[in-house]
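Below is one structure, written out as structure tokens; comments come after it.
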Amino acid sequence: MRKTLFTHGQVYNLEQVKELNKLIRKNFITTSQDKPAEDSVKTSEVKFVKLGIIGNLLNPFIQFCYSANVNAFGFDLFNLNSDKTLNYNIYKKNTEYNWHTDGEPSNPIRDIKLTCLLNLSENDYDEGNLKLFDGKEVDINVFNKPGAAVVFPSFINHRVTNLTSGERHSLAIWWYGPKFK
């Protein structure tokens, strides 16, 4: 049986999350646009940051993602480079992202292999839960804590439920590899 996800309850503590957020917020870029999954509704705000700017602070998360692939998935992955653009997602009251996958079927050369998410929320929030569907719907409750991380194959259907209060911040890395055959 294949593994659906790989989690870590705390890659960063709250002070480290605050430090990461401070650096990210100072280095948002405007050259990218969000491209929500086709046929899905996404109402969160998305900002962007280059990996190279935050790479040193993000190294524990990247190493966790790499380890998740080695220990659970075994995908052939391309190296991450400093020009890689990361999504910084901000969910506020009454925002969500409906069921979707992160694949890239129209690209003839590469596929998104892994979805790697890091919770960068500094305060509590209600709902806004990450759910995966792989034969059944699963709540990923471990991801609700600041500094928590989750990695799963990008072809797994997932969503973020409607946030009812507070703000939920997360950073997403989509890790590419050669096209699935």
Side-chain angles (χ1 to χ4, degrees), residues 2-21 23-25 34 36-37 40-49 51 54 57-73 75 77 80 86-103 112-175:
R2 74 183 160 111
K3 186 142 175 86
T4 303
L5 75 150
F6 203 82
T7 62
H8 190 303
Q10 191 171 41
V11 176
Y12 298 95
N13 64 37
L14 183 58
E15 290 308 311
Q16 292 168 319
V17 165
K18 289 178 179 179
E19 185 180 352
L20 256 170
N21 277 326
L23 184 59
I24 290 168
R25 288 179 184 131
D34 189 33
S40 185
V41 175
K42 182 178 185 181
T43 55
S44 66
E45 180 182 357
V46 181
K47 297 191 180 265
F48 306 92
V49 63
L51 175 60
I54 61 172
L57 286 180
L58 213 55
N59 195 47
F61 176 54
I62 291 169
Q63 291 306 310
F64 166 73
C65 298
Y66 178 77
S67 178
N69 185 59
V70 168
N71 291 300
F73 309 116
F75 293 135
L77 300 175
L80 295 176
L86 311 180
N87 281 32
Y88 186 84
N89 299 288
I90 304 164
Y91 291 86
K92 296 180 181 178
K93 186 175 181 178
N94 296 322
T95 60
E96 64 188 324
Y97 195 178
N98 290 340
W99 289 110
H100 67 283
T101 61
D102 294 329
I112 300 173
K113 303 294 187 186
L114 293 177
T115 296
C116 309
L117 303 174
L118 178 63
N119 186 327
L120 291 178
S121 303
E122 295 180 17
N123 299 300
D124 292 337
Y125 55 88
D126 292 313
E127 295 301 320
N129 297 323
L130 176 64
K131 295 185 179 240
L132 272 62
F133 189 89
D134 191 28
K136 65 179 181 176
E137 188 173 309
V138 179
D139 258 321
I140 313 303
N141 294 324
V142 70
F143 189 67
N144 292 339
K145 290 177 39 182
V150 63
V151 177
F152 55 91
S154 298
F155 53 77
I156 300 288
N157 217 350
H158 58 284
R159 72 178 176 139
V160 176
T161 62
N162 185 51
L163 191 86
T164 57
S165 72
E167 282 192 18
R168 176 188 183 273
H169 297 240
S170 62
L171 188 71
I173 296 176
W174 291 289
W175 208 318

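These numbers come from a predicted model, not from an experiment.
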Does any N or O in the side chain of [X] come within less than 3.5 Å of the main-chain N or O of [Y], such that one atom is a donor and the other an acceptor?
{"X": "Thr161", "Y": "Asn129", "result": "yes"}
{"X": "Ser170", "Y": "Leu118", "result": "no"}
{"X": "Ser154", "Y": "Thr115", "result": "yes"}
{"X": "Gln63", "Y": "Pro60", "result": "no"}

Which heavy-atom pair separates [X] from [Y] by the least distance, and what is that distance?
{"X": "Glu127", "Y": "Asn162", "result": "CB-O, 3.1 Å"}
{"X": "Ala149", "Y": "Val11", "result": "CB-CG2, 3.7 Å"}
{"X": "Gln10", "Y": "Leu14", "result": "NE2-N, 4.4 Å"}
{"X": "Ala172", "Y": "Leu117", "result": "CB-CD2, 3.6 Å"}
{"X": "Val142", "Y": "Ala148", "result": "O-CB, 3.2 Å"}
{"X": "Phe75", "Y": "Lys113", "result": "CE1-O, 3.5 Å"}

Query - Steps toward side-chain contact (heavy atoms from CB on, under 4.5 Å) verdict (Tyr97, Ser44) - result: CA-CA 7 Å; Tyr97 195 178; Ser44 66; 5.6 Å; no
Can you measure from [atom1] ([X]) to [atom2] ([Y]) and round to the nearest 0.5 angstrom?
{"X": "Leu58", "Y": "Leu171", "atom1": "CG", "atom2": "CG", "result": "6.0 Å"}
{"X": "Leu57", "Y": "Tyr12", "atom1": "CG", "atom2": "OH", "result": "7.0 Å"}
{"X": "Lys42", "Y": "Tyr91", "atom1": "NZ", "atom2": "OH", "result": "5.5 Å"}
{"X": "Leu130", "Y": "Arg159", "atom1": "CG", "atom2": "CZ", "result": "10.0 Å"}
{"X": "Lys145", "Y": "Asp124", "atom1": "NZ", "atom2": "CG", "result": "12.0 Å"}
{"X": "Thr95", "Y": "Ile90", "atom1": "OG1", "atom2": "CD1", "result": "10.0 Å"}

Hey, are the side chains of [X] and [Y] touching, using non-hydrogen atoms and a 4.5 Å cut-off?
{"X": "Leu86", "Y": "Ile54", "value": "yes"}
{"X": "Asn87", "Y": "Phe48", "value": "yes"}
{"X": "Ile62", "Y": "Ile173", "value": "yes"}
{"X": "Ile140", "Y": "Leu132", "value": "yes"}
{"X": "His100", "Y": "Asn98", "value": "no"}
{"X": "Glu167", "Y": "Asn123", "value": "no"}

Return the set of residues passing ring-ring contact (aromatic ring centres under 6.0 Å, His included) with [X] (not counting sequence neighbours), or none when no residue passes.
{"X": "Phe152", "answer": "His158"}
{"X": "Phe64", "answer": "Phe6, His8"}
{"X": "Tyr88", "answer": "Phe28, His169"}

Query raised in the report: Got a sec, which residues hit salt bridge (Lys or Arg N to Asp or Glu O under 4.0 Å) with Asp139, two or more places apart in sequence or on another chain?
Result: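 For Asp139, the residues satisfying salt bridge (Lys or Arg N to Asp or Glu O under 4.0 Å) (neighbours in sequence not counted) are Lys131.
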**Report entry** Contacts of Lys47 that satisfy salt bridge (Lys or Arg N to Asp or Glu O under 4.0 Å) - sequence neighbours left out
**Finding:**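 For Lys47, the residues satisfying salt bridge (Lys or Arg N to Asp or Glu O under 4.0 Å) (neighbours in sequence not counted) are Glu45.
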Requested in this report: Determine, stepwise, if the pair Thr43 / Asn94 fulfils side-chain contact (heavy atoms from CB on, under 4.5 Å).
Outcome: CA-CA 8 Å; Thr43 55; Asn94 296 322; over 6 Å; no
Report task. Check step by step if side-chain contact (heavy atoms from CB on, under 4.5 Å) holds for Leu120 and Ile24. Result -> CA-CA 10 Å; Leu120 291 178; Ile24 290 168; 3.7 Å; yes
Query raised in the report: Around atom CD of Glu137, are there more than 12 heavy atoms of other residues, nucleotides or ligands at under 6.0 Å?
Result: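 Enclosed.
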Query raised in the report: What residues, two or more places apart in sequence or in another chain, satisfy side-chain hydrogen bond (donor to acceptor under 3.5 Å, both in side chains) together with Ser121?
Result: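 Partners of Ser121 under the side-chain hydrogen bond (donor to acceptor under 3.5 Å, both in side chains) test: Asn119.
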**Report entry** Identified side chain to side chain contact (heavy atoms under 4.5 Å, CB included) counterpart of Val151 within the set Trp175, Tyr66, Phe73
**Finding:**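 For Val151, the side chain to side chain contact (heavy atoms under 4.5 Å, CB included) check succeeds only for Phe73.
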